Peer 1: 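Starting off with a structure, shown below.
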Protein chains: 2
Amino acid sequence: MAAEDSRMAPGRAAPAAGPGLRADARHNRNRILEVAAELLAERGIDVPMAAIARNAGVGVATLYRRFPTRQDLLREVFADGFAACEAAIDDALADSGPDPWDAFRTAVEQVCAVQAGDRGFNAAFVAAYFQEFGVGGELDRVMRGLAELTRRAKDAGRLRADFAPEDFTLLVMANSGISARSPEAARAASRRLVAYLLDAFRADRTAPSEPLPPPAPLDLYDALRLR
Amino acid sequence: MAAEDSRMAPGRAAPAAGPGLRADARHNRNRILEVAAELLAERGIDVPMAAIARNAGVGVATLYRRFPTRQDLLREVFADGFAACEAAIDDALADSGPDPWDAFRTAVEQVCAVQAGDRGFNAAFVAAYFQEFGVGGELDRVMRGLAELTRRAKDAGRLRADFAPEDFTLLVMANSGISARSPEAARAASRRLVAYLLDAFRADRTAPSEPLPPPAPLDLYDALRLR
DNA sequence: GGATAAGTGGAGACCCCCGTCCGGTTGCAC
DNA sequence: GTGCAACCGGACGGGGGTCTCCACTTATCC
């Protein structure tokens with residue numbers, strides 16, 4: 001169920017690419033992608049195909065005609081997120097500022113922000129990590145980029161020496177655990193978590209650290225009426 | 001679906017408590033709990049009732065006779081985990097050593113270790129946080145204990161001043177994101193994550209920090225063949 | 001404006017899961 | 001050993017998910 005994902009030849013099972021469609025069909029396709037992105041971001045990766053179809057104002061059959069399998073739809077919807085991550089990495093790699101730590105920090109912050117803002121993409125991102133999603137390539141580039149940024153930051157003595165490549169995995173997974181009722185709360189919580197971790201990753205612990213982003217109410221602490 | 005969970009009177013829907021059962025029934029009940037704990041820990045909270053029954057060598061009906069609803073089974077299976085968390089907190093609260101930071105750190109480490117070692121309990125723990133699980137009481141005590149430990153550590157100037165109560169939520173959720181193919185890998189990864197975060201929570205950043213637990217191979221980094 | 005291929009949506013086949021029903025089985029007291 | 005209440009497990013109803021089939025509609029080309 002995860003092996004033969006590499007048949008990319010547009011021969012037969014091609015998901016009916018963008019143009020070449022009739023005007024109404026193209027409109028429906030766009031609407032589906034739009035609605036799917038929204039629902040997946042808010043409700044997570046388990047939102048049913050029927051719900052997407054209903055919200056897009058089309059029948060299930062139309063949905064499946066454009067995207068033969070659920071996986072195809074997800075891949076297309078989440079492509080933007082993966083692209084955003086790649087862009088963040090590329091920017092950081094191109095950053096030729098005096099301090100490699102800045103590039104490292106910014107890249108980590110941006111990737112984690114993309115991940116935290118979208119429940120569905122979050123799941124896809126982690127699944128891709130575990131090779132359970134047909135996107136390997138993009139993630140590979142992201143990870144290689146992070147590895148290079150790591151090297152630079154370490155060489156400059158700004159990243160602690162015992163930082164391991166596996167720690168990116170740790171970061172991604174920890175960040176994936178953040179979710180809240182509202183995407184805004186999740187994003188805020190993720191920002192604070194990432195700030196804490198970046199603070200722990202720094203080599204020069206004596207230097208004052210930047211102020212933390214404020215804690216987001218996680219919709220639950222109040223409920224626990226603890227304070 | 002979450003309101004009337006307080007009917008605890010053993011009048012009618014009582015889940016047929018321990019003794020008083022026929023010998024074979026009691027044996028089956030224990031076997032079910034044993035198998036359920038194991039499967040839930042390894043495969044996560046979504047393991048089907050039928051799988052538990054099959055592995056326990058009983059029919060589904062027997063399972064449902066002992067535990068009228070899935071929730072009842074989960075509650076009983078995870079009771080141990082919640083108890084372990086409470087015990088860790090109580091120990092830490094009773095610790096009258098010279099440095100409140102030790103108690104704080106140990107409590108956090110132990111609770112996170114319990115959480116990380118069991119995929120099912122992990123989910124239950126987070127769900128309990130969100131009040132989506134009928135166990136509120138235990139968690140409440142845990143959180144109140146952590147709040148007290150926080151106060152002591154802050155008063156002693158060992159915990160950074162901008163540490164917020166919400167940061168426990170952050171910690172729990174971040175830790176919940178850690179999962180790997182094997183429970184051992186997950187536990188190791190969690191240890192390292194918690195060490196990083198505790199390092200970030202400390203007030204005195206100039207003091208040398210303890211060495212990090214070694215990174216666990218997360219069964220995926222190799223696959224990404226990055227190094 | 002009419003022919004036609006492309007497009008459409010609802011019904012339903014198939015599968016998996018939770019929880020129940022009921023006829024057969026078995027531990028246990030006597 | 002025997003009787004019976006307790007116990008057992010497979011079959012089944014209900015619900016929800018993915019994906020397919022097919023009779024009907026509509027954009028588009030001339």
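Since we're looking at a predicted model, the values are computed, not measured. Chain letters run A, B, ... following the sequence lines, proteins first, then strands; residues in each count from 1.
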Peer 1: Under 4.0 Å from OP1 or OP2 of dC7(D): is there any side-chain N or O of T62(B) that close?
Peer 2: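 So the side-chain polar atoms of T62(B) never come under 4.0 Å of the phosphate oxygens OP1 or OP2 of dC7(D).
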Peer 1: Indicate yes or no: at least one non-hydrogen side-chain atom of V77(B) is less than 4.5 angstrom from one of F67(B).
Peer 2: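 They are not in side-chain contact.
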Peer 1: Got a donor-acceptor contact below 3.5 angstrom from the N175(A) side chain to the C112(A) backbone?
Peer 2: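 Present.
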Peer 1: In terms of relative ring orientation, are F201(B) and F163(B) parallel, tilted or perpendicular, with 30° and 60° separating the classes?
Peer 2: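 Plane angle over 60°, so perpendicular.
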Peer 1: Which whole-number value in Å describes the distance from L63(B) CG to dC7(D) C1'?
Peer 2: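 The answer, rounded to whole Å, is 14 Å.
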Peer 1: Quick test: give all pairs of protein nitrogen or oxygen and nucleotides 2-6 of chain D nitrogen or oxygen below 3.5 Å, distance rounded to 0.1 Å.
Peer 2:
unit_1 : atom_1 : unit_2 : atom_2 : d
dA6(D) : N3     : R22(B) : NH1    : 2.9

Peer 1: Between T69(B) and dG19(C), is there a contact of a side-chain N or O with OP1 or OP2 at under 4.0 Å?
Peer 2: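 Affirmative; the distance criterion is met.
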Peer 1: Using a 4.0 Å cut-off on heavy atoms, which residues in residues 49-60 of chain A reach DNA chain C? List them by number, or say none.
Peer 2: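 Within this stretch, G57(A), V58(A), G59(A) sit under 4.0 Å of the strand.
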Peer 1: Looking at D72(A) and T69(A), would you say the former's side chain and the latter's main chain have a donor-acceptor pair under 3.5 Å?
Peer 2: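 Judged by distance alone, yes, a pair lies under 3.5 Å.
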Peer 1: Just how far, in rounded Å, is C1' of dC8(D) from CZ of R26(B)?
Peer 2: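 Atom-to-atom, R26(B) to dC8(D), this comes out as 17 Å.
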Peer 1: How long is the straight-line distance from CG of L193(B) back to CD1 of I178(B), given to the nearest 0.5 Å?
Peer 2: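 Rounded to the nearest 0.5 Å, the CD1-CG separation comes out at 5.0 Å.
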Peer 1: Looking at R26(A) and L21(A), would you say the former's side chain and the latter's main chain have a donor-acceptor pair under 3.5 Å?
Peer 2: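 Between the backbone of L21(A) and the side chain of R26(A) there is a qualifying donor-acceptor contact (under 3.5 Å).
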Peer 1: Is the backbone of D118(B) close enough, under 3.5 Å, to the side chain of N122(B) for a donor and an acceptor to pair up by distance?
Peer 2: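 Not confirmed, N122(B) side chain does not pair with D118(B) backbone.
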Peer 1: Determine: side-chain N/O of N28(B) to OP1/OP2 of dC8(D), distance under 4.0 Å, yes or no.
Peer 2: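 It does, given that an N or O in the side chain of N28(B) lies less than 4.0 Å from OP1 or OP2 of dC8(D).
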Peer 1: Taking OH from Y64(B) and P from dG10(D), how many angstroms apart are they, rounded to a whole number?
Peer 2: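 Spelled out: OH on Y64(B) to P on dG10(D) is 15 Å.
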Peer 1: Check the distance between dT8(C)'s P and H27(A)'s NE2 and give it to me in whole angstrom.
Peer 2: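 Result: 11 Å.
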Peer 1: When the distance from CG of D24(B) to P of dG9(D) is rounded to whole Å, what number comes out?
Peer 2: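 It works out to 9 Å between those atoms.
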Peer 1: Between the side chain of D167(A) and the main-chain N/O of A164(A), is any donor-acceptor distance below 3.5 Å?
Peer 2: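 Checking the backbone N and O of A164(A) against the side chain of D167(A), a donor-acceptor pair under 3.5 Å is found.
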Peer 1: Just wondering, do F125(A) and L139(A) contact through their side chains at under 4.5 Å, heavy atoms?
Peer 2: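 Counting from C-beta outward, L139(A) and F125(A) do come under 4.5 Å.
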Peer 1: Please report the distance, rounded to the nearest Å, between CZ in R65(A) and P in dC22(D).
Peer 2: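 That distance rounds to 14 Å.
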Peer 1: Mind calculating the distance between CZ (R70(B)) and P (dT20(C)) to the nearest angstrom?
Peer 2: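 One finds 14 Å between P of dT20(C) and CZ of R70(B), rounded.
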Peer 1: Using a 4.0 Å heavy-atom cut-off, does A61(B) contact any base of the nucleic acid, only the sugar-phosphate backbone, or nothing at all?
Peer 2: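 Base contact.
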Peer 1: Starting from the 5' end of DNA chain C, give me the residue, A23(B) or V47(B), whose nearest nucleotide shows up first.
Peer 2: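 Nearest-nucleotide comparison on DNA chain C picks V47(B).
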Peer 1: Could you state the atom-to-atom distance from CD of Q71(B) to C1' of dG19(C) in whole Å?
Peer 2: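 Interatomic distance, CD of Q71(B) to C1' of dG19(C): 14 Å.
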